[in-house]
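Below is one structure, written out as structure tokens; comments come after it.
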Amino acid sequence: MSDQSVEISRTRVTLSDNDFLYTFHDFKKGKPYIAVYRAVTRKVYDKHLKTYVEKTALEETVFTYNNGRIERVSDEELWKFVLTESLVKSVEELNDLSKILKNVPTSVKEDVSLSDVYRKVVDSLKKRVSLQSEADYTLVALWLVGSYFFPVFDYFPYLSVQSLGEKDRAQFLHPLRDLLPRAVYVKNYPPSLLLTLVSSYKASLVIDKLDEMFARKYLDKVVLLLTLCDNRWGVVIREKEGKGGRRTISGFKCFSPKAFVDQYDITSKYDIASRTVFVKVPPQDRNPDHAIENQSLIDELYSVFLRYASEVDRLYRDPDFDSGFTGRYDQTFRPLVVIAKLIDKEDSTLQAEGKLRSALRYTIDLVEPLKVEEELPEKIIDSVKVYIIESLKDVVMGLSTEVPRPWHVSRRSNVIYIYVKDLRNEVKARVTQGDSMHDPRVANRVAKLLEPKKFVPLLRIYFPQNVKIHRNRSVFVVTPQDVKNLMSKT
């Protein structure tokens with residue numbers, strides 16, 4: 001939530017996200033909070049009936065971890081927040097939510113350890129899902145455990161499920177749904193409903209493959225949701241028309257754990273792929289056991305959040321902590337590396353970090369070509385600049401009077417030009433060098449960008465004054481000063 005200003009006794013006070021507490025679970029001012037809701041029956045005196053009657057009410061208990069123990073949060077502590085918003089307001093809402101959201105906390109447990117709960121998650125997965133390696137079980141288990149700590153993190157990776165068979169997908173997605181905090185299994189939900197579930201209830205989403213007709217209508221919006229909602233500051237802006245034609249604009253926070261089936265080229269763009277960890281699901285040969293009871297493990301996962309959130313936060317934000325990755329990879333993988341390190345600190349025999357790094361190689365192998373592909377337009381333009389400098393520097397510096405082919409000199413104006421077709425051939429020879437060109441996706445992308453219909457518009461973006469028409473053909477024009485300017489910038 002962006003900073004907001006309010007007037008209090010004519011004094012302007014700036015409020016930050018830390019002044020707002022949201023329960024079911026949250027992490028604010030360096031402390032974790034969990035709310036447990038239950039319906040209770042109490043006897044209340046009815047003035048009209050002049051007797052005591054039984055009424056059902058919603059009871060909310062908020063817990064935190066303080067001085068080495070889980071304890072109930074007092075009303076006085078809650079009042080320190082400018083706004084404490086309960087995500088459940090009534091018994092009726094709690095009953096309605098139970099039909100949509102899975103895995104809400106029903107109790108907190110004092111005697112839990114991170115390594116023990118992680119081991120239980122791995123065991124639960126192995127009973128229900130076949131994966132290719134022990135490292136893949138580690139990756140998925142760390143992602144599931146980490147999903148409970150997402151209020152601590154600035155970024156949390158998506159989990160992309162790569163599987164061809166519908167039965168195999170379902171057998172993998174159901175265990176995810178049964179272990180994620182406040183999970184919603186999504187098939188063909190309108191993006192507006194997904195946004196409401198995440199914004200209002202901090203729901204975790206498990207997105208199955210969309211039907212083709214639904215995808216044609218909504219896929220772009222689902223992709224936009226994934227593009228904008230990979231971090232704690234992610235907000236989707238929606239405009240609605242109200243009474244009298246008045247339009248209102250609202251911002252919906254949309255950061256939460258999300259797993260999805262890789263479909264319709266959702267991860268073909270670097271923006272989403274670089275925020276994702278990938279797991280390949282082989283054909284399944286186990287009984288998914290959809291009716292498995294997980295509530296005890298769910299409560300342990302919430303309790304582990306309470307006990308370890310502050311420690312996770314300290315390590316996650318420690319400037320001296322090296323995840324072993326840089327840039328986007330650090331943002332995406334850092335939460336999982338932090339969880340793995342703390343698990344290994346408790347039980348080094350689990351080797352969670354080593355297995356995690358092994359599993360992440362598959363993700364990096366998928367994402368790295370997309371990174372190269374994303375950078376290709378600038379790489380092509382850099383090759384244009386290098387070619388201009390290398391071929392014309394002797395001329396503009398007075399070391400040679402002969403303009404090299406395929407450049408030409410205009411007699412009417414003191415400019416040098418080259419036909420775009422020739423420039424394209426020179427650039428192609430430079431761009432197609434390197435190991436990355438062995439990847440078919442990158443090579444195809446280069447070929448498309450160097451097509452006349454793409455190459456000329458690309459030149460116009462970076463060199464708007466240099467692309468001209470000469471004898472009905474596109475030419476690239478430079479002056480000696482243009483070349484000198486390029487040389488001074490490289």
Side-chain angles (χ1 to χ4, degrees), residues 114-115 118-119 121-122 125-126 129-150 152-163 172-173 175-176 179-180 204 206 226 230-231 257-262 266-282 312 315-318 321-345 347-375 435-436 439 441-442:
L114 182 60
S115 58
Y118 160 77
R119 189 185 291 108
V121 173
V122 172
L125 288 172
K126 287 183 176 179
V129 179
S130 297
L131 295 178
Q132 290 184 321
S133 68
E134 190 71 24
D136 285 343
Y137 283 110
T138 296
L139 171 64
V140 177
L142 286 172
W143 186 82
L144 284 167
V145 173
S147 69
Y148 284 79
F149 290 85
F150 88 90
V152 173
F153 303 128
D154 294 335
Y155 295 85
F156 190 72
Y158 302 131
L159 179 66
S160 177
V161 181
Q162 297 190 306
S163 175
F172 182 76
L173 294 178
L176 293 185
L179 288 171
L180 279 167
S204 301
V206 180
L226 293 174
D230 60 358
N231 62 76
K258 300 175 184 68
F260 59 86
V261 173
D262 204 349
I266 284 179
T267 58
S268 63
K269 298 297 184 184
Y270 178 69
D271 270 356
I272 294 178
S274 61
R275 297 298 190 199
T276 304
V277 291
F278 294 81
V279 60
K280 192 171 185 178
V281 179
V312 168
L315 184 57
Y316 177 75
R317 301 190 184 282
D318 184 351
F321 171 64
D322 183 6
S323 69
F325 302 98
T326 59
R328 277 191 170 230
Y329 286 143
D330 175 63
Q331 293 174 344
T332 302
F333 302 153
R334 191 180 185 88
L336 305 185
V337 175
V338 166
I339 299 294
K341 278 190 175 293
L342 293 178
I343 289 171
D344 287 345
K345 181 180 177 182
D347 186 350
S348 61
T349 65
L350 293 172
Q351 300 179 335
E353 184 181 355
K355 294 173 185 176
L356 170 64
R357 293 188 185 279
S358 176
L360 289 176
R361 292 191 194 115
Y362 177 66
T363 292
I364 294 171
D365 288 343
L366 287 176
V367 175
E368 200 61 25
L370 297 177
K371 180 181 179 183
V372 174
E373 185 178 341
E374 192 84 2
E375 296 168 349
D435 293 338
S436 61
D439 189 294
R441 291 174 297 179
V442 177

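The chain is numbered in sequence order, starting from 1. Reckoned from all heavy atoms, side chains included, excluding hydrogens, waters and symmetry mates. Since this is a predicted model, take the numbers as computed values, not measurements.
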Any sub-3.5 Å donor-acceptor pair from [X]'s side-chain atoms to [Y]'s backbone N or O?
{"X": "Tyr158", "Y": "Asp230", "result": "yes"}
{"X": "Trp143", "Y": "Pro157", "result": "yes"}
{"X": "Tyr316", "Y": "Phe321", "result": "no"}
{"X": "Asp344", "Y": "Ala352", "result": "yes"}

Measure the [atom1]-[atom2] distance between [X] and [Y] for me, rounded to the nearest 0.5 Å.
{"X": "Leu350", "Y": "Tyr118", "atom1": "CG", "atom2": "OH", "answer": "6.0 Å"}
{"X": "Leu336", "Y": "Ser147", "atom1": "CG", "atom2": "OG", "answer": "10.0 Å"}
{"X": "Leu159", "Y": "Leu173", "atom1": "CG", "atom2": "CG", "answer": "9.0 Å"}
{"X": "Asp262", "Y": "Thr276", "atom1": "CG", "atom2": "OG1", "answer": "8.0 Å"}
{"X": "Leu360", "Y": "Thr138", "atom1": "CG", "atom2": "OG1", "answer": "10.5 Å"}
{"X": "Ser133", "Y": "Lys355", "atom1": "OG", "atom2": "NZ", "answer": "10.0 Å"}

With sequence neighbours excluded, residues passing ring pair (Phe, Tyr, Trp, His ring centres under 6.0 Å) with Phe149 =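 Per chain and number, Phe149 pairs via ring pair (Phe, Tyr, Trp, His ring centres under 6.0 Å) with Phe305.
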Notebook entry, point to check: Residues two or more places apart in sequence or in another chain: which of them pass ring pair (Phe, Tyr, Trp, His ring centres under 6.0 Å) with Phe150?
Noted result: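 Here the qualifying residues are His25, Phe255.
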Minimum side-chain heavy-atom gap [X]-[Y] below 4.5 Å:
{"X": "Phe278", "Y": "Val367", "value": "yes"}
{"X": "Leu131", "Y": "Leu125", "value": "no"}
{"X": "Asp154", "Y": "Asn231", "value": "no"}
{"X": "Tyr362", "Y": "Gln132", "value": "no"}
{"X": "Val129", "Y": "Val140", "value": "no"}
{"X": "Phe260", "Y": "Thr267", "value": "yes"}

For [X], which residues count as a side chain to side chain donor-acceptor pair (under 3.5 Å) partner, sequence neighbours excluded?
{"X": "Asp347", "value": "Arg119, Thr349"}
{"X": "Thr363", "value": "none"}
{"X": "Glu353", "value": "Lys341, Arg357"}

- Counterpart residues, side-chain contact (heavy atoms from CB on, under 4.5 Å), relative to Asp330 (two or more places apart):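 Expected list: Ser323, Phe325, Arg334.
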Ion pair Asp271/Arg328, N-O distance below 4.0 Å:
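Looking at Arg328 together with Asp271, the answer is yes, because their closest N to O distance falls below 4.0 Å.
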Mind listing the closest non-hydrogen atom pair of [X] and [Y] along with its distance?
{"X": "Thr332", "Y": "Pro335", "answer": "O-CD, 3.5 Å"}
{"X": "Ala135", "Y": "Ala359", "answer": "O-CB, 3.4 Å"}
{"X": "Arg317", "Y": "Phe153", "answer": "NH2-C, 4.4 Å"}

